[in-house]
Amino acid sequence: MSSAAITRAGWIPLGDSAIVHRPIYALGGGRDSSPSHATWQHARLEHLHVAISPSGSFIASCRNDHKPFFATNASSMAIPLAIHRANGQLVRSIPWERELASILTLGWTDTEALVAVLDDGTVRIYPLYGEPTFASLGDEARNGIASCAIWPTGMAALTTTGFFVVIRSWKAPIPRMYSHYQVPNTPPAWTFVPEHLTDSGSIELLVPLAKSLIRVSEMDADERPFGSVLHLKSSPSSNFMASLSSHLALEICLAASLKVTSSIDLTGIVGGDGSTAQLAWCGDDAVLAAFDDFVVLLHISGEHHVVDLLDPVKLSESFDSTFCLSPHDFSLFSVVPYPVLTAFKYGSTHPVALLLDAFDHYGKRSPQAVDLLESLLRSNQLDVALNACLEAAAHAWDVKEQRSLLSAVQFGRAWLHVATSSAETHRTEPVAPLFSLAQGQVSPDTGVRDTLVLSSNRLRVLNTARQLGYPVSQATIAGMGGDPALIRLFTHARDHQLAVRAAELLGLDHVKTQAVLDWARLRLTTSPVDGNVPGAVDVVIQRVFSQVPPGSPALDFSDLAISASRVGRPDVAAHVLKYESNISRQVPLLLELQQPVLALSRAVESHDRDLVYLVLIYLRKTLMLPAFVRAVRDVPGAYAFLEQYARSNDRKLLHDCYSLEDQNLELGNLLLEDAAMANSVENKMALLRDAAHAFSRSKTAANEQRVTEQHIQLLHYQAQLAQKYPPTNNRGPAWESLSIGETLVQLARTGRVSDAKDAKNKLGVSDKQFAWCMVSGLAKARDWAELERFAFTRRPAIGYLPVVRACLEMGANDEAKKYIAKCDVRARVDLFIKAGAIKEASDVAFQLNDMPVLVHLRQVCHDDDVRRDIDGKIAQLRRA
């Protein structure tokens with residue numbers, strides 16, 4: 001029998017599509033078996049809470065305290081909260097002590113974390129491994145919960161007081177109460193619509209009451225006529241809604257208009273009242289209604305099918321399929337994907353079906369294979385057939401069927417290559433090379449080849465995963481978020497070898513690194529180290545490097561160190577951090593691990609000032625000053641960073657460090673800086689005295705000590721001046737803000753020459769400095785008489801040239817002429833010119849026999865008498 005016939009034999013045709021019921025795993029349960037949680041051995045599911053994860057990989061179960069339970073032995077009375085794989089293998093058993101609150105329902109998040117909702121409004125979220133986190137449904141839920149619904153991204157609960165409480169996201173499990181609407185009576189069933197499928201942008205709840213349907217959103221509620229129902233379920237796209245009425249009519253209606261599109265009367269089929277029935281959608285094509293001993297499939301077209309059961313089952317929706325759990329097996333109802341449908345449907349004329357027929361004829365060495373392929377080539381449909389065949393292979397579960405489909409793809413590629421070569425060489429006999437080149441001697445199209453390789457690798461991953469208890473399909477991968485989400489699923493389940501190998505086959509290096517690091521985290525936090533921490537850590541890290549090259553940007557050893565530290569292994573964490581190349585991650589963790597000296601060393605090596613400052617602040621808070629300074633000194637280069645930090649942020653710390661280290665020169669200079677910033681004369685003088693004292697203890701600071709003591713004397717004298725000549729109306733600078741030179745200038749400028757002379761003697765001012773200050777101050781005061789007296793009483797120590805320049809700067813040209821004659825003869829010409837005395841400048845130039853200067857003076861002179869005088873001098877020089 002051909003593979004096509006085998007595939008079609010398992011289909012349940014409904015409308016224009018088909019549904020396949022595929023048993024996946026045989027479980028160990030039986031009616032007489034006792035509960036043992038090493039493998040799945042639950043003989044009955046009626047007394048259990050059961051939830052299947054979105055990917056179908058995990059089954060959570062626990063005892064339902066609200067239903068009677070008949071134990072086969074004493075040990076079975078305390079059934080823990082257990083997580084099994086879909087193949088029955090135990091993943092985790094969580095001890096559950098009898099508490100005041102009991103579990104109301106179980107569910108799963110989109111990250112494969114188990115959610116247990118207690119009837120007191122408490123929510124516990126259990127990862128596959130590790131400690132749970134807790135959330136609350138708020139104060140209103142503490143009065144009790146009537147019912148709740150859990151979906152991968154959130155949940156909703158109906159309290160016994162009639163209000164709905166919604167958690168929109170498990171990332172931030174914050175309860176939101178829909179307090180604007182109160183349900184008058186507890187409904188037999190209600191369902192939800194995710195927020196991304198609603199017009200209101202919030203999660204909407206569909207509540208059937210009496211003869212109406214209430215749509216409750218976060219802001220409002222509206223009512224529409226509706227029949228009395230026992231069960232209600234919205235389709236994955238929220239376009240349809242399925243309901244089981246109180247008179248046992250299973251119906252599918254449009255969600256927008258509530259118009260019934262298909263229905264079936266189950267009165268003659270169902271033996272009970274239908275209260276224990278379950279509804280679950282299989283994609284958007286059909287709804288499943290499970291009763292005690294059968295399942296009804298109702299298609300949107302109105303066609304239906306009944307599947308007989310041996311025991312009651314639990315249904316769980318997952319993307320485009322429905323998982324079915326019984327005590328004996330784990331099976332799957334799924335819609336036959338379109339590529340598979342077109343490939344194997346009886347009478348299909350799709351190109352992929354023609355390609356499969358051609359491959360079947362090729363196996364029989366029939367020339368009809370050539371006719372089919374040539375027809376595909378003439379209609380330009382061979383590429384379509386190849387791609388559709390690859391898609392069908394991706395959705396196939398049977399390994400033989402996968403190989404058959406992939407072989408058909410290789411066969412089609414070989415023909416495509418042969419036909420292309422024949423067209424180029426104008427050959428017309430494609431049959432002969434067809435059977436030889438199909439054996440693999442081809443140069444395939446690159447695009448199809450790459451897709452074939454990726455599809456083959458993905459099928460290898462899926463087949464291996466299914467053998468290990470992950471019933472994932474191509475549709476599951478797409479619903480989870482693609483190949484990376486599948487690898488993360490393996491990683492969360494601690495199947496690290498499978499995750500790494502799958503990531504390699506699918507070319508996902510980043511996700512592979514995450515899986516390797518998760519394995520390393522598990523080893524570093526749980527494996528014994530037997531006292532040899534460096535050796536144990538090095539073995540793990542070398543295994544990491546064997547999978548991920550050192551220096552890869554995806555490697556984050558700081559996260560491993562954090563994990564080791566949190567489980568009480570600081571020595572392991574510290575050794576792991578030696579491999580962390582990112583210092584900004586390494587240093588804070590070393591501080592957390594109480595290794596500040598090592599953190600300081602790493603920070604200094606990085607030359608990151610902020611990191612160094614972070615460690616210095618930490619050390620200063622935790623150590624006494626002597627120990628702090630010693631710790632900083634022990635790290636080469638760290639003391640310079642300490643000086644930079646303290647100078648800008650904590651100058652007292654720098655004072656203490658300099659004093660402790662006997663750095664008297666540096667301490668004196670620091671005190672001088674502080675004195676310059678002092679806000680009062682008293683503080684400034686005190687700081688200067690301390691600076692002078694510090695300089696006195698240094699063997700190389702004699703000059704600094706002398707200058708500092710002079711500054712102290714200046715401040716004393718300025719204080720006397722401030723008392724003697726207080727500023728009037730806040731005009732003029734304060735005496736203590738002036739330097740020695742500025743003080744002398746100010747005294748001369750204000751006509752206090754005698755005080756200036758007194759200051760010279762008391763402050764030890766040199767004659768030259770005093771002369772500069774007096775000339776500048778008297779010129780600025782325009783006290784020409786006193787300036788003349790000072791200049792001519794005794795020749796100034798700086799000569800007369802500065803006196804001339806001071807007069808010229810003040811615009812006193814006539815005063816400047818008095819002193820030009822006492823200057824050097826070579827400078828007089830320029831000085832007279834600047835003073836506007838052209839006649840005197842020409843006399844000096846004539847005396848010096850300087851013809852060029854005389855010519856220049858004649859050109860710039862505007863006085864006719866002076867010009868004639870210059871002409872006469874020029875004539876004399878020429879005759880001479």
Side-chain angles (χ1 to χ4, degrees), residues 129 457 461 482-612 614-615 635-638:
Y129 298 95
N457 290 338
V461 172
D483 294 336
L486 178 64
I487 308 304
R488 294 188 186 99
L489 172 63
F490 300 153
T491 302
H492 292 162
R494 295 185 176 177
D495 278 333
H496 296 104
Q497 186 174 4
L498 174 61
V500 171
R501 181 57 181 153
E504 290 175 346
L505 287 173
L506 300 177
L508 301 172
D509 294 337
H510 182 72
V511 185
K512 172 187 174 182
T513 302
Q514 293 177 347
V516 173
L517 291 178
D518 190 78
W519 170 85
R521 181 184 299 105
L522 183 64
R523 288 292 303 271
L524 293 172
T525 55
T526 60
S527 299
V529 295
D530 300 329
N532 184 15
V533 171
V537 172
D538 289 342
V539 169
V540 174
I541 301 303
Q542 292 307 316
R543 286 286 300 274
V544 172
F545 286 152
S546 67
Q547 298 291 334
V548 183
S552 172
L555 286 178
D556 184 2
F557 291 106
S558 62
D559 191 44
L560 299 181
I562 292 174
S563 300
S565 175
R566 287 176 178 173
V567 297
R569 293 187 170 188
D571 47 353
V572 173
H575 195 74
V576 169
L577 281 178
K578 294 181 179 179
Y579 294 94
E580 177 56 59
S581 58
N582 191 330
I583 303 297
S584 62
R585 297 175 184 167
Q586 186 179 142
V587 170
L589 288 175
L590 287 172
L591 295 180
E592 184 178 333
L593 297 173
Q594 305 298 320
Q595 304 246 358
V597 177
L598 181 57
L600 181 60
S601 176
R602 301 286 169 81
V604 171
E605 291 173 1
S606 71
H607 301 286
D608 190 325
R609 184 176 59 184
D610 293 335
L611 282 178
V612 178
L614 174 67
V615 182
V635 178

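The residues of the chain are indexed from 1 along the displayed sequence.
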- Could you walk me through whether Leu555 and Val544 pass the side-chain contact (heavy atoms from CB on, under 4.5 Å) test, one step at a time? CA-CA 9 Å; Leu555 286 178; Val544 172; 3.9 Å; yes
- Evaluate the criterion side-chain contact (heavy atoms from CB on, under 4.5 Å) for residue pair Asp571 and His575; output intermediate values, then yes/no. CA-CA 6 Å; Asp571 47 353; His575 195 74; over 6 Å; no
- Message: Could you go through Gln514 and Leu517, starting from their C-alpha distance and side-chain angles, then the distance that decides it, and tell me whether this counts as side-chain contact (heavy atoms from CB on, under 4.5 Å)?
- Response: CA-CA 5 Å; Gln514 293 177 347; Leu517 291 178; 5.9 Å; no
Give a yes or no on whether the backbone of [Y] and the side-chain of [X] come within a donor-acceptor separation of less than 3.5 Å.
X: Ser546; Y: Arg543; value: yes
X: Glu580; Y: Gln586; value: no
X: Arg569; Y: Leu524; value: yes
X: Ser601; Y: Val597; value: no

- Message: With a sphere of 6.0 Å drawn around CD of Gln497, does it hold more than 12 non-hydrogen atoms of other residues, nucleotides or ligands?
- Response: no
- Ala638 and Leu600: which non-hydrogen atoms are nearest, and at how many Å? CB-CD2, 3.9 Å
May I ask you to test the [X]-[Y] pair for a side-chain heavy-atom distance under 4.5 Å?
X: Leu522; Y: His496; result: yes
X: Val567; Y: Val572; result: no
X: Leu591; Y: Leu614; result: yes

- Message: With rounding to the nearest 0.5 angstrom, report the CG to CG distance, Asp495 to Leu489.
- Response: 9.0 Å
- Kindly compute the distance separating CD (Gln547) from CD (Gln542), expressed to the nearest 0.5 Å. 12.5 Å
- Query: What is the ring orientation for Phe545 with Phe557, classed by angle as parallel under 30°, tilted 30 to 60°, or perpendicular over 60°?
  - Reply: perpendicular
- Task: Would you kindly say whether His492 and Asp518 are connected by a side-chain donor-acceptor distance under 3.5 Å?
- Result: no
- Message: Set out, in order, the CA-CA distance, both residues' side-chain angles and the distance that settles side-chain contact (heavy atoms from CB on, under 4.5 Å) for Leu506 and Ile487, then state yes or no.
- Response: CA-CA 10 Å; Leu506 300 177; Ile487 308 304; 4.3 Å; yes
